[in-house]
Amino acid sequence: RKEVEQDPGPFNVPEGATVAFNCTYSNSASQSFFWYRQDCRKEPKLLMSVYSSGNEDGRFTAQLNRASQYISLLIRDSKLSDSATYLCVVPSRGGGFKTIFGAGTRLFVKA
Amino acid sequence: DVKVTQSSRYLVKRTGEKVFLECVQDMDHENMFWYRQDPGLGLRLIYFSYDVKMKEKGDIPEGYSVSREKKERFSLILESASTNQTSMYLCASSFPDSLKFGQGTRLTVV
């Protein structure tokens, strides 16, 4: 099993829709998780950190399910500007400072 | 605004050349990282450093080396560039665990 897996999408949704992505991980000892956003030809930027059961920031909610070993990202009231690739990041099973990036989920929000 | 700055946005090099990619951060971060990003493969860790002169191999270190002589600067070296090293290279620093990335260097080896 890969250390982290994401549905690559693409997800095509209309403006105003609610969309959710899941990310599964294999390291049951992981304590901290992250969602990054990456626009086309740009660097990834931190969107949200998830340290306990979840986190909410405006239209974005991240939830952690330790029993099933997945984290989710929910985007409500989608905007055109939300179109991007969303990367899930988890600590490496090897520990230390290494983190593992998922391959990303592409989101297209259409007018 | 805090920054991670990579020396070049685009580079074209010839096979066999020695290539230096430079990265500077102004946040006094201990940890610095070099990743490469390829379509369908995501970001893969090449090397990281947790202190000056300290380095650790990542998942794909073959064909690369690094140098960290000063805390703010982390250099990635391609000893003898090959066409399979054509990629987007991303430098990042972190404290404590979330990453701040540079703008990336798109390297093409011909």
Side-chain angles (χ1 to χ4, degrees), chain A residues 1-10 21 23-27 29-52 55 57 60 62 64 71 73 84-106, chain B residues 1-10 21 23 25 27 29-51 54-61 66 68 74 87-108:
Chain A
R1 181 181 178 183
K2 287 184 178 180
E3 288 200 67
V4 56
E5 290 193 82
Q6 292 184 252
D7 182 343
F21 315 132
C23 168
T24 58
Y25 62 92
S26 61
N27 181 9
S30 297
Q31 295 296 316
S32 55
F33 306 85
F34 305 90
W35 283 102
Y36 282 74
R37 172 199 169 119
Q38 186 173 25
D39 294 297
C40 187
R41 297 186 178 279
K42 295 289 184 68
E43 74 274 20
K45 293 183 179 178
L46 180 66
L47 178 65
M48 298 185 77
S49 307
V50 187
Y51 294 106
S52 55
N55 193 6
D57 183 5
F60 298 82
L64 169 61
I71 59 173
L73 179 67
T85 297
Y86 292 85
L87 306 172
C88 167
V89 181
V90 303
S92 170
R93 193 181 292 120
F97 303 102
K98 293 174 64 174
T99 54
I100 303 295
F101 280 77
T105 297
R106 295 187 71 185
Chain B
D1 189 21
V2 292
K3 282 188 176 179
V4 178
T5 303
Q6 294 182 229
S7 53
S8 304
R9 287 296 302 271
Y10 300 95
L21 302 183
C23 175
Q25 51 101 356
M27 295 166 283
H29 285 174
E30 302 287 337
N31 308 322
M32 296 187 74
F33 306 79
W34 275 105
Y35 291 87
R36 63 176 282 177
Q37 186 175 28
D38 301 287
L41 296 177
L43 276 83
R44 293 179 292 167
L45 182 63
I46 305 171
Y47 266 96
F48 67 99
S49 169
Y50 51 90
D51 203 350
M54 306 302 288
K55 59 187 179 184
E56 292 282 344
K57 292 180 180 179
D59 299 313
I60 51 165
V66 291
R68 189 147 181 222
F74 192 35
S87 186
M88 168 70 90
Y89 288 88
L90 289 156
C91 174
S93 69
S94 75
F95 181 79
D97 48 12
S98 63
L99 296 166
K100 173 75 172 177
F101 284 90
Q103 77 276 29
T105 297
R106 188 167 293 278
L107 173 67
T108 302

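So that the names make sense, note that chain A is the first sequence line, chain B the second, and so on, each numbered from 1.
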*Asks:* What's the spacing between B:Q103 CD and A:R41 CZ if we round to 0.5 Å?
*Replies:*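 Nearest 0.5 Å value for the CD-CZ distance: 14.5 Å.
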
*Asks:* Quick one: closest heavy-atom pair of B:G40 and A:A103, and the distance?
*Replies:*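 Where B:G40 meets A:A103 most closely, the heavy atoms are O-CB, 4.4 Å.
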
*Asks:* Under 3.5 Å, is there a donor-acceptor pair between the side chain of A:Y36 and the main chain of B:L99?
*Replies:*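 Yes, the answer is positive, given that a donor and an acceptor are paired below the 3.5 Å cut-off.
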
*Asks:* Side chain, backbone, both or neither: which part of B:Q37 has a heavy atom under 4.5 Å from chain A?
*Replies:*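 Side chain only.
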
*Asks:* Tell me, side chain or backbone of A:Q6 under 4.5 Å from chain B's heavy atoms, or both, or neither?
*Replies:*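 Neither part.
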
*Asks:* Output all residues satisfying salt bridge (charged side-chain N to carboxylate O under 4.0 Å, His left out) with B:R68, sequence neighbours left out; order by chain, then residue number.
*Replies:*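 Counting only residues at least two positions away or on another chain, B:R68 forms no salt bridge (charged side-chain N to carboxylate O under 4.0 Å, His left out).
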
*Asks:* Give, as side chain, backbone, both or neither, the part of B:L90 having an atom under 4.5 angstrom from any heavy atom of chain A.
*Replies:*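 Only the side chain of B:L90 comes within 4.5 Å of chain A.
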
*Asks:* Non-hydrogen atoms of chain A under 4.5 Å away: do they reach the side chain of B:R106, the backbone, both or neither?
*Replies:*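 For B:R106, the side chain is the part near chain A, not the backbone.
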
*Asks:* So do the side chains of A:T99 and B:F48 get within less than 4.5 Å of each other, counting heavy atoms only?
*Replies:*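 Counting from C-beta outward, A:T99 and B:F48 never come under 4.5 Å.
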
*Asks:* With only heavy atoms counted, which part of A:P44 is less than 4.5 Å from chain B, the side chain, the backbone, both or neither?
*Replies:*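 Both backbone and side chain of A:P44 come within 4.5 Å of chain B.
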
*Asks:* Below 4.5 Å, heavy atoms only, C-beta onward: do B:D59 and A:I100 meet side chain to side chain?
*Replies:*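 Yes, at least one pair of side-chain atoms sits under 4.5 Å.
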
*Asks:* Which residue out of B:A92, B:G104, B:G102 racks up the most heavy-atom pairs below 4.5 Å with chain A?
*Replies:*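 Of the candidates given, the most pairs with chain A belong to B:G102.
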
